[in-house]
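What you see is a predicted model, and the numbers here were worked out from it, not measured in a lab. Whatever order the structure lists ligands and atoms in, that order sets their numbers, starting from 1.
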Amino acid sequence: MRKSYKTEINPTQEQIQKINKTIGTCRFIYNFYIAHNKELYNKGEKFMTAKSFSVWLNNEFLPNHPEYLWIKDVSSKSVKKSMENAYTAFSRFFKKQSRFPRFKKKNKSDVKMYFVKNNPKDCFCERHRINIPTLGWVKLKEKGYIPTTKQGYVIKSGTVSCKAGRYYVSVLIEIPDQNKPQLNDFGLGIDLGLKNFAVISNGITKKNINKTERIRKLEKQLKREQRCLSRKYEDLKKRNNKMKGEATRQNIQKQVLKVQKLHHRIDNIRTDHINKCVNEIVKTKPSYITIEDLNVKGMMKNRHLSKAVASQKFYEFRTKLEAKCKELGMELRIVDRWYPSSKLCHECGCIKRDLKLSDREYICECGYHADRDYNASLNLRDATSYKIA
Ligand SMILES: [Zn+2]
């Protein structure tokens, strides 16, 4: 099975230059291939495949046009790939599947830097960095998202792309089938919530990351910087003096960047938390996992809840959990959101209709008592009516 992963990278200035140069060269070659074939067509000559174009370029064109030798400065694999892409565009046109290939424009196109695994050291991926041919080690922004080489996953090929000043790597990974683990003979119920992020039926509780000191501090800092930014905007409005206005504008740009960076840092911490939760849950190798079908859309409409819900990334959690379950062969059960997981007594099965949101302890007349969310997670685990994701 092959699977692709895309994530943001944090290249150095030197690496950025290399990436930009490679993408620029690939765009040039793509366009050159199209232009050359147009010319051949107009002269009534034979169409050139990517392969014959490559031979012509190296043996005829470049020796006579040394001013274009900069083409050779970047990864030849990437340049070859752009010829193949242009060839594919032509074959689609010949098969009447798309229109005549268009030239790629700077900044507006999807040209990528292509790389492929050539020797064992290439494409090595660790939790926080990846070794890309011709670039070397590149830092990953989201740690541990791409499965690491040490875990036995092999990256076959990939691309580096740039969008709005950010850089991304996308890799294709071969996932061996024998990687599917032997599953245990038990299931897990997970109660997601706002107090704790998740309470799991095996007794483990995952904290709400937003209630940690680390996030609180960053949020406070963010508010401060945002206030500072709006003050600067106010300032700009009041100014008539052009010179001073320019200085303020630059100042604002700096402040915008500061705010964006903080947003990013907070977001990364939250995503990291989600990934850790998913990994820890599947690590126990249950044969199935049951969660409640969260009405995220409905909760987002509630003004008081929406921020708390969005910042906990429940949706992202579910998507990632679902992907992981598929990969490992676990069943992900989704229980209807009307299922009274909180109100049900796990011991005797009676329903406590007057259970309030503030009741943290579930106390039943039968003598059973448990933490409210833990009781819910047990009920989810044992639910008999569900759909499979
Ligand atoms: Zn009871």
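The Zn ion (ligand 1) has no N, O or S atom of Cys350 under 2.8 Å away, backbone or side chain. Here His346 fails the criterion, with no N, O or S atom under 2.8 Å of the Zn ion (ligand 1).
At the Zn ion (ligand 1), the angle from SG in Cys348 to SG in Cys364 is 110° when rounded to 10°.
Tyr30 and Phe103 have their aromatic ring centers separated by at least 6.0 angstrom. Taking the six-membered ring where the residue is Trp, the centroids of Phe53 and Tyr87 are separated by 6.0 Å or more. The distance between the ring centers of Phe90 and Phe47 falls below 6.0 angstrom.
Glu327 and Lys3 are joined by a salt bridge, as a carboxylate oxygen and a charged side-chain nitrogen come within less than 4.0 angstrom of each other.
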